[in-house]
Protein chains: 2
Amino acid sequence: MFARVSSNPIAPPTTLNELGMESASNPKIALNEFIYKRGIEIYGEKEPADYVYQVKTGAVRSYKLLSDGRRQIGAFHLVSDIFGLENGGTHRFTAEAIVDTTVRLIKRQSLELVAESDAMVARNLLSMTTRNLRHAEDHMLLLGRKTSIERVAAFLIEMDKRLTTADVMALPMCRRDIADYLGLTLETVSRALSRLHGLGVLGFTGHSQRQIVLLDRSRLASLDLQN
Amino acid sequence: MFARVSSNPIAPPTTLNELGMESASNPKIALNEFIYKRGIEIYGEKEPADYVYQVKTGAVRSYKLLSDGRRQIGAFHLVSDIFGLENGGTHRFTAEAIVDTTVRLIKRQSLELVAESDAMVARNLLSMTTRNLRHAEDHMLLLGRKTSIERVAAFLIEMDKRLTTADVMALPMCRRDIADYLGLTLETVSRALSRLHGLGVLGFTGHSQRQIVLLDRSRLASLDLQN
DNA sequence: CGGGGGCTTGAGGCCACTCAACGATAGTGG
DNA sequence: CCACTATCGTTGAGTGGCCTCAAGCCCCCG
């Protein structure tokens, strides 16, 4: 269930640059935009992967579920991130809009067709997959061996790199999402944030507990043991 | 520090098939063999990745360390597995021989050169990376959300698929390795195996606690909640 | 203004960890 | 070949970090 948006009749100004789809050698491929309302599923695990997506505005979570409801979020996709790219034919995660989200999408088939003849596009597919792999490798270390404080510190550092525009970091996701990303409970995440606040490492704007100001990045980094 | 073995003067009968290096279209690339004694490092994290490896005999562990010594094993590499393939120039894990291990190795540079012109080799690089990514994604769910019994059950099922020749599974790795792979302690792994033994799900040969006989695969599978 | 979701905080419990002892196993050298 | 020793594996007792359950506050939104 999602809201469909008619594709822009004028050619959209931006495309999936990172995949090399905009290189002069390639004819442009039709890009459609969709809006998914907050909480709506974009695709489900094990569904056929017919499209690749790029976040234009908003944020997306990718997760796996166990049969009893335990959830592991594998990644958050923020503005400009590409997601849903699978090499096999089916999605490995369920993807959901965290907030109202606009995505650009491209048919997987046409992408593979271009990759066939364009070595640069093929290389970009590989480098994207490699980047996803690195993230997963680092996250395994976090999930297998880090303490709750270290996990939350690592999360804040990652989000700081990825979404700070000004000096205030506006998290799109709730505590439960953070917990399911870090392999913790939402209460443990909340307690860790409170401890970091008490240590003077971070502050809240007061408008929202999701708007966080990092006051001491070096002390925060020292709380997350590096690999 | 490693033992060098003179490469076979007669062309070796097997090569890195999976990468497509043996396809008729490619001239054979020189393959050297090395033996690493049990416990010896094959390469270190952050070292330049000049070679790709394939296990001929033995077993290898790939791991990351935190500065205080906590260890997370990301993967075990068993006979015929290829490892050490990085897209960037440096290794993301440390690799160590678990037991005396013979590897075939190939210069990364020559591999990339071939991939440049041979689309099949390039596709194989991508599909190998994708396979590694899937394993990491599944392992994140295990590390973030599964109980100790579920983790050990999942480990046994994985190893059963990968190394059972006869009906007895001979694990090359010690309890500590299993623990660091599953994000547990060695005592917890031992207790979980004892519980599974008590439940009649598995047995030991008596010759070694590393030789395990799976007596009831379906009950074992039911103990590991599926994603 | 009432309802509900999100967040924090406290109290108590449990699962996995820590520390320790002991037996079994395998590798080593005489 | 066997004694010696280090390593590996199991098991028990106790601890602790994170989870569970619960209450209360705040804010948003209808």
Side-chain angles (χ1 to χ4, degrees), chain A residues 37-39 61 66 68-72 98-100 142-153 155 170-198 202-212 223, chain B residues 37-40 59 61 66 68-72 96-100 142-153 155-156 170-199 202-212 223:
Chain A
K37 291 239 163 266
R38 160 197 158 91
R61 57 182 170 245
L66 293 176
D68 64 355
R70 282 175 283 173
R71 184 178 69 157
Q72 179 62 45
I98 296 176
V99 294
D100 290 1
L142 179 148
L143 293 171
R145 287 301 178 218
K146 291 188 179 179
T147 67
S148 62
I149 279 281
E150 288 165 353
R151 294 180 201 209
V152 172
F155 169 76
L171 298 177
M173 71 289 287
C174 66
R175 297 291 187 265
R176 171 167 292 283
D177 287 340
I178 300 172
D180 286 348
Y181 179 60
L182 299 178
L184 300 169
T185 60
L186 65 92
E187 293 94 334
T188 299
V189 171
S190 178
R191 280 183 243 272
L193 287 171
S194 294
R195 272 181 70 187
L196 293 173
H197 184 224
L202 60 83
F204 298 97
T205 62
H207 298 296
S208 158
Q209 286 138 322
R210 292 195 192 174
Q211 294 188 0
I212 292 179
L223 288 173
Chain B
K37 290 237 162 269
R38 160 196 157 89
I40 297 301
R61 56 181 169 247
L66 293 175
D68 63 356
R70 279 174 286 172
R71 184 178 69 157
Q72 178 63 45
E96 261 176 23
I98 295 176
V99 294
D100 291 0
L142 179 149
L143 293 171
R145 288 299 178 219
K146 290 188 180 179
T147 67
S148 62
I149 279 281
E150 288 165 352
R151 293 180 201 209
V152 171
F155 169 76
L156 290 172
L171 299 177
M173 70 291 284
C174 66
R175 297 291 187 266
R176 170 167 293 282
D177 288 339
I178 300 172
D180 287 348
Y181 179 61
L182 299 178
L184 300 168
T185 60
L186 65 93
E187 293 95 333
T188 299
V189 170
S190 180
R191 280 184 244 272
L193 287 171
S194 295
R195 272 182 70 189
L196 293 173
H197 184 223
L199 289 170
L202 60 85
F204 298 97
T205 62
H207 299 296
S208 159
Q209 287 137 322
R210 292 194 191 174
Q211 294 188 1
I212 293 178
L223 288 172

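Reminder, nothing fancy here: chain letters follow the sequence lines and each chain counts from 1.
Atom NE2 of His197(A) and atom P of dT8(C) are 10 Å apart (whole Å). Look at CD1 on Ile212(A): it is 14 Å from C1' on dG6(C), rounded to the nearest Å. Residue Leu186(A) contributes atom CG, which lies 9 Å from atom C1' of dG6(C) at whole-angstrom precision. Atom C1' of nucleotide dC17(C) and atom CG of Leu184(B) are separated by 10 Å, given to the nearest angstrom. Across the protein-nucleic acid pair, Arg191(A) atom CZ and dG12(C) atom C1' stand 11 Å apart, rounded to whole Å. In this structure, Ile178(B) atom CD1 and dA16(C) atom P are separated by 17 Å, rounded to whole Å. In this structure, CD of Glu150(B) is placed 14 Å from C1' of dA16(C), rounded to the nearest angstrom. With rounding to whole Å, Arg195(A) atom CZ is found 16 Å from dT8(C) atom C1'.
Counting non-hydrogen atoms under 4.0 angstrom, Ser194(B) reaches the backbone sugars and phosphates but no base. Contact annotation for Arg70(A): no contact, since no heavy-atom pair falls under 4.0 Å across all strands. Residue-level contact check: Arg210(B) touches the backbone only, with heavy atoms under 4.0 Å from sugar-phosphate atoms and none from bases. Gly183(A) comes within 4.0 angstrom of the backbone, heavy atoms only, and of no base.
In this structure, Arg38(B) does not pair ionically with Asp100(B), as no charged nitrogen and carboxylate oxygen lie closer than 4.0 Å.
Comparing His207(A) and Ser148(A), the nucleotide of DNA chain D nearest to each residue sits closer to the 5' end for Ser148(A). Nearest-nucleotide positions on DNA chain D place Thr147(A) closer to the 5' end than the other of Ser208(A) and Thr147(A).
Taking the side chain as every heavy atom from C-beta outward, Leu184(A) and Arg191(A) never approach each other to under 4.5 Å. In this structure the side chain of Arg151(A) reaches within 4.5 angstrom of the side chain of Leu143(A), judged on heavy atoms. The shortest distance between side-chain heavy atoms of Arg145(B) and Glu150(B) does not fall below 4.5 Å. Contact annotation: the side chain of Arg71(A) approaches that of Asp177(A) to within less than 4.5 Å [non-hydrogen atoms, C-beta and beyond].
Taking atom P on both dG14(D) and dC18(D), the two are 23 Å apart, rounded to the nearest angstrom.
Nearest heavy-atom pair, Gln209(A) versus Arg175(A), reported as atom, atom and distance to 0.1 Å: O-NH2, 3.0 Å. Across all their heavy atoms, Ile98(A) and Pro172(A) have their closest contact at CG2-O, 3.3 Å.
Regarding contacts with the backbone of dT18(C), every side-chain N or O of Thr185(B) stays at 4.0 angstrom or more from both OP1 and OP2. Distances shown here put every side-chain N or O of Thr188(B) at or beyond 4.0 Å from the OP1 or OP2 atom of dA16(C).
Taking 4.0 Å as the cutoff to heavy atoms of chain B, we find the contact window on DNA chain D bounded by dC8(D) to dA13(D).
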